[in-house]
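What follows is a single structure, written as structure tokens, with notes after it.
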Amino acid sequence: MTWRIGSALSQAQLQATLTLADTGAGNARVRLYTTARPDTLGSHSDTPQADVVLAKPCGAIVGGVLVLYPLDAAGTLVMAAGLPRWGEWVSATGAVLLDGTVTDMDNGGDIRVEGAQTPAGETSPMFYAGGLVQLGTTALT
């Protein structure tokens, strides 16, 4: 048997997620990594390629979809060159909420980024240290 979730419950879950993400003195963040995604959520010591600080509130529910909002729409400084392969959404307290794949806007990743060219045969843009990465349309349903 498979449960189906009604829109009222879905909206409540999304709102609770936003509330949890923003609770705390800091800001929620999306951290991007060039390494292989770990098998277990939060079980790594990798240095982020970029640390996208989110606005507070960090997002909104638009048409039944949770949409994240970066603090600086112009972009976030890239600290190391490479292709971002995965990322994690971290709450204002530093707790890892979720992780997912990273791609450019055309390749359907969980976290979508823009601000650089995607090499042929790849799904994610090649960023260079000192450049800017922009969080694209990143949504949770």
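The first residue in the sequence is number 1, and the count goes up from there.
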Worksheet, complete the sentence: With sequence neighbours left out, the residues meeting side chain to side chain donor-acceptor pair (under 3.5 Å) with Asp72 are none

Fill in: Contacts of type side chain to side chain donor-acceptor pair (under 3.5 Å), residue Thr118, not counting sequence neighbours
Asp104

ILVMFWY cluster, [X] and [Y] together (side-chain gap under 4.5 Å):
X	Y	result
Val90	Met79	no
Val67	Val133	no
Leu18	Leu135	yes
Leu98	Tyr69	no

Just how far is it from atom [atom1] of [X] to atom [atom2] of [Y], taken to the nearest 0.5 Å?
X	Y	atom1	atom2	answer
Leu97	Thr93	CG	OG1	7.5 Å
Asp110	Trp89	CG	CH2	12.5 Å
Glu114	Phe127	CD	CZ	8.5 Å

For residues [X] and [Y], determine if any side-chain heavy atom of one lies less than 4.5 Å from a side-chain heavy atom of the other.
X	Y	result
Leu83	Glu122	yes
Thr101	Arg85	no
Val30	Pro70	no
Leu66	Thr17	yes

Measure from the side-chain N and O atoms of [X] to the backbone N and O of [Y], and report whether any donor-acceptor pair falls under 3.5 Å.
X	Y	value
Ser10	Gly6	no
Ser124	Pro84	yes
Thr103	Gly109	yes
Arg29	Glu88	no
Gln49	Gly82	yes

Worksheet item: What do the steps show when you test Gln13 against Ile5 for side-chain contact (heavy atoms from CB on, under 4.5 Å), and what is the final call?
Response: CA-CA 10 Å; Gln13 289 174 328; Ile5 298 174; 4.0 Å; yes

Worksheet entry | Candidate pair Tyr33 and His44, rule side-chain contact (heavy atoms from CB on, under 4.5 Å), full reasoning | CA-CA 11 Å; Tyr33 297 94; His44 67 92; 3.3 Å; yes

Worksheet entry | For the student: nearest non-hydrogen atoms of Ala116 and Pro125, plus distance | O-CB, 3.5 Å

Worksheet item: Which atoms form the tightest heavy-atom contact between Ala21 and Ala28, and what is the distance?
Response: O-CB, 3.7 Å

Item to complete: Could you walk me through whether Asp22 and Lys56 pass salt bridge (charged side-chain N to carboxylate O under 4.0 Å, His left out), step by step?
Response: CA-CA 7 Å; Asp22 281 329; Lys56 201 160 193 173; 5.5 Å; no

Discussion item. We want to know whether Thr35 and Trp86 form a side-chain donor-acceptor pair, criterion being a heavy-atom distance below 3.5 angstrom.
Written reply: yes

Item to complete: Would you please test Leu32 and Val113 for side-chain contact (heavy atoms from CB on, under 4.5 Å) and show each step?
Response: CA-CA 10 Å; Leu32 306 176; Val113 295; 3.9 Å; yes

Worksheet entry | Test side-chain contact (heavy atoms from CB on, under 4.5 Å) applied to Leu54 and Leu71, step by step | CA-CA 5 Å; Leu54 299 176; Leu71 182 62; over 6 Å; no

